[in-house]
Protein chains: 2
Amino acid sequence: MSEAWLDAQARARIETPAVVVDLDRVDANIARMAAFMAERGVALRPHAKTHKSLEFGRRQLAAGAVGLTVATIGEAEVFVDGGIDDLFVAYPLLVAGRKAERLRELAERSTLAVGVDSAEGAAAIAAAVRGASRRPRILVEIDSGGRRTGLAPDAAGELARRCRDMGLDVAGVFSHAGHGYAGPDLRPAAADDEVAALTVAAESLRAEGIEPVVVSAGSTPTAMLSARGAVTEERPGTYVFSDGIQATLAGEPLDGVALVVAATVVSPGAGRGFVIDAGAKILAKDVAPYLVGHGTVLGWDAHVGRVNDHHGVIELPDGAPRPAIGEMVFVVPNHVCPVVNLVDEYLVTRQGRVVDRWPVDARGRNS
Amino acid sequence: MSEAWLDAQARARIETPAVVVDLDRVDANIARMAAFMAERGVALRPHAKTHKSLEFGRRQLAAGAVGLTVATIGEAEVFVDGGIDDLFVAYPLLVAGRKAERLRELAERSTLAVGVDSAEGAAAIAAAVRGASRRPRILVEIDSGGRRTGLAPDAAGELARRCRDMGLDVAGVFSHAGHGYAGPDLRPAAADDEVAALTVAAESLRAEGIEPVVVSAGSTPTAMLSARGAVTEERPGTYVFSDGIQATLAGEPLDGVALVVAATVVSPGAGRGFVIDAGAKILAKDVAPYLVGHGTVLGWDAHVGRVNDHHGVIELPDGAPRPAIGEMVFVVPNHVCPVVNLVDEYLVTRQGRVVDRWPVDARGRNS
């Protein structure tokens, strides 16, 4: 199956480690999610922090997405500069100083929504955009069980009212069911939590006389499970490529993932196995209790058991087959988002051939 | 102690999350290691994969370092372009195609040494540099107990002889005692292992009639403990900044670390505590069995217990003091190398004031 990733000619031309994307698989992932949401009548606003790329973002919009989701003002700036200007910053922004100025500038040249989960965050946004020619809509973040950011669902209305009193336009509520990542069997319950919490939150806005136009749920594991009831919008991100975590949660084979790290076997290793030139500086260090190690080596029934910055160490039982030193292998990363953020470009392939190189436009835009 | 990091004026001007360096502390770290090695008569060749920066590299050379260590050809290219041209790529290179051409070009314009731990790697290097105007010296990598890359120490001579037979100039041997990171009490034994293994390896070269001019040990936890006997060179990297792992291994206080991540409290959090805008995309995800969580929040007796891409979640006991929403906090990362690799610039400070911004010149040079 490694052959399917890059043919001999492509292998001879690329330098490892590198991030390789199969564009046919990406297009299929984009089409599948878009069709599902269209059939449900739910808006799709993919989270672009996964790909950080104008090219992939444009493909999502062409397939029917209403806009993109981002995590930071810096990511939003990159997409607006590239002509994608309907954006939701799904993060409880707390702006000050230069960042407040940037928010105002961004709002004036885009169709922007931003998150809040505190009166302090709302007040800072209100101060930043006062008198601006265009101002961002507000979505109140609620916690649906992920225990990260967000208010209790029934507290959304009160914060929405305070936002309105500050002169802000509240468009609705949003949540991220992070607990859907906890294990393969937990996705349906997390999706139920998300729908239930968003329903309560939407009602609490109505109780304050604020109609929630947007009721937004977000996460790839739950996207197809929570697109119902009060939910008007879904924000999955990782589905565009998938990765070890997503495929395992969904019960799908790893060799269907659309993005791999190409690596070279550089050493026989001091233990039993081999060592590749893909370590934490391209695979990152995300782990999950339902995955083994730091990535799966396709075609070799092997996992990257240990990573240092530039080394991936694979241990094997005695006598197990292994690639030759100098051979290229392909690793499915556990979590694709940090992998993309560690490189400057994608090698874009179709049917084993490199057809293009696309920049990771918003790489490192942390603020 | 947070006040010591950035004064009020600097806080108002920076955007979080950001990597902040205290230059006085860095200079003290550089001076201390240089003085120690000078007193021992051991050459210092700092590993630049930590800082990836011409400015910090120049300071190390000015303090007496004989050159720099890097992990990839790409990192070496950046330093040579910047005028730092005595470099050791401490990695078992396996070059092919364009990467082989780059190695040849690099060798022709620098004083270069590279690692090998296999005949395949040596043959590829020999082919790449055949007939070049200048060629890299070879250091044979041996395993001193880290169980990553490198040959058994007594096998170094045979590979050195094969390298020589391929026309390569073997300068010596090197090792990395990665097992010195396993715990605070394990550093002396790891250093002993390193010295013992390098001594055996050097002898095995002599048995083949090859005098090892360079016998190079490398890791910050063991650097000051293994600079003795057969060892002629040390390659510590992380000492330039230190981090949670290094300080804990050395029994030093965390508030003496020279690099922190400045973050803003963005949310009261859905649990008990608070949430900051520094997550895995700036703190990375390195953990250690002797550390709590993903970083330490200075001045608040708190650890970043959980990170997502852009969220750091801090949980606190009921009633524990906590920073206000919107307040800036400073986090000591567990492992500084991946943190630096996630940002484009350092905010360089002295006595709480930002005095410069330096690029992370070799960020992302993975190949």
Side-chain angles (χ1 to χ4, degrees), chain A residues 12-18 49 71-72 91-94 96-99 102 117-118 120-121 124 141 143 146-152 178 264-271 275 277 280-282 284-287 306 308-311 313 324-326 337-338 341-344 363-364 366-367, chain B residues 12-18 49 71-72 91-94 96-99 102 117-118 120-121 124 141 143 146-152 178 264-271 275 277 280-282 284-287 306 308-311 313 324-326 337-338 341-344 363-364 366-367:
Chain A
R13 285 173 52 194
I14 77 164
E15 296 177 69
T16 61
K49 78 183 171 78
T72 68
Y91 195 85
L93 289 180
L94 207 304
R98 176 65 193 135
K99 199 180 278 187
R102 288 168 58 210
D117 78 344
S118 69
E120 293 89 339
E141 182 172 8
D143 174 36
R147 306 291 286 166
R148 188 172 70 180
T149 44
L151 300 171
T264 299
V265 179
V266 293
S267 169
V275 178
D277 61 1
K281 280 187 174 168
I282 191 157
K285 279 204 168 176
D286 290 59
V287 293
R306 189 154 53 97
N308 293 128
D309 284 343
H310 294 282
H311 299 78
V313 180
I325 297 174
C337 302
N341 191 47
L342 286 165
V343 298
D344 292 319
R363 187 206 55 73
N366 279 325
S367 74
Chain B
R13 286 173 51 193
I14 77 165
E15 295 177 69
T16 62
K49 78 183 172 75
T72 66
Y91 195 86
L93 290 179
L94 209 305
R98 176 65 194 136
K99 199 181 276 188
R102 288 168 58 210
D117 79 343
S118 70
E120 293 88 340
E141 182 172 8
D143 174 37
R147 307 290 287 166
R148 187 172 71 181
T149 45
L151 300 171
T264 299
V265 178
V266 293
S267 170
V275 178
D277 60 1
K281 280 188 174 169
I282 192 159
K285 280 205 167 174
D286 290 58
V287 294
R306 189 154 52 98
N308 293 128
D309 283 343
H310 295 282
H311 299 78
V313 180
I325 297 174
C337 302
N341 191 48
L342 285 166
V343 299
D344 291 320
R363 188 207 54 72
N366 279 326
S367 73

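We use all heavy atoms of the structure for the numbers below, so side chains are in, but hydrogens, waters and symmetry mates are not. Please read all numbers here as calculations on a predicted model, not as lab measurements. Chain identifiers are assigned alphabetically (A, B, ...) following the order of the sequence lines, protein sequences preceding nucleic acid strands; residue numbering begins at 1 within each chain.
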Checklist entry - Given that the side chain runs from C-beta out, which part of Val265(B) has a heavy atom under 4.5 Å from chain A: side chain, backbone, both or neither? => result backbone

Checklist entry - By a 4.5 Å heavy-atom criterion (distance strictly below it), what part of Val266(B) contacts chain A: side chain, backbone, both, or neither? => result both

Item to check | From CD1 (Ile282(A)) to CG (Asn341(B)), nearest 0.5 Å | outcome: 10.0 Å

Checklist entry - Measuring heavy-atom distances to chain A, does Asn366(B) have an atom under 4.5 Å in its side chain, in its backbone, in both, or in neither? => result both

Checklist entry - Which atoms form the tightest heavy-atom contact between His311(A) and Pro92(B), and what is the distance? => result NE2-CD, 4.3 Å

Checklist outcome for this item: Assert top hit (heavy-atom pairs under 4.5 Å, partner chain B, pool Asp344(A), Thr264(A), Val287(A)) equals Asp344(A)

Item to check | Set of salt bridge (Lys or Arg N to Asp or Glu O under 4.0 Å) partners for Arg98(A), sequence neighbours left out | outcome: Glu101(A), Glu105(A)

Checklist entry - Hey, which of Gly97(A), Ala124(A), Gly271(A) has the most heavy atom pairs under 4.5 Å with chain B? => result Gly271(A)

Item to check | For chain B, the option from Thr149(A), Leu151(A), Leu93(A), Asp277(A) that forms the most heavy-atom pairs under 4.5 Å | outcome: Thr149(A)

Item to check | Rounded distance (nearest 0.5 Å) linking atom CD1 of Ile325(B) with atom CG of Leu94(A) | outcome: 7.0 Å

Checklist entry - Can you list the steps and then say if Lys99(B) with Thr16(A) is a side-chain contact (heavy atoms from CB on, under 4.5 Å)? => result CA-CA 9 Å; Lys99(B) 199 181 276 188; Thr16(A) 61; 4.1 Å; yes

Next on the checklist: Distance check, rounded to the nearest 0.5 Å: Thr72(B) atom OG1 versus Glu15(A) atom CD?
Outcome noted: 10.5 Å

Item to check | Best-contacting candidate, Lys281(B), Glu141(B), Arg13(B), Lys285(B), against chain A by heavy atom pairs under 4.5 angstrom | outcome: Lys281(B)

Next on the checklist: Nearest 0.5 angstrom please: Ser267(A) OG to Arg148(B) CZ, how far?
Outcome noted: 9.5 Å

Checklist entry - Considering residues at least two apart in sequence or located in another chain, which fulfil the side chain to side chain contact (heavy atoms under 4.5 Å, CB included) criterion with Ala71(A)? => result His47(A), Lys49(A), Glu75(A), His310(B)

Checklist outcome for this item: Turns out that what part of Asp309(B) lies under 4.5 Å from chain A's heavy atoms comes down to side chain

Item to check | Between Val313(A), Asn308(A), Val343(A), the one whose heavy-atom pairs under 4.5 Å with chain B are most numerous | outcome: Asn308(A)

Item to check | Under 4.5 Å from any heavy atom of chain B - which part of Asp286(A) | outcome: both

Item to check | Region of Ala12(B) in contact with chain A, defined by heavy-atom distances below 4.5 Å | outcome: backbone

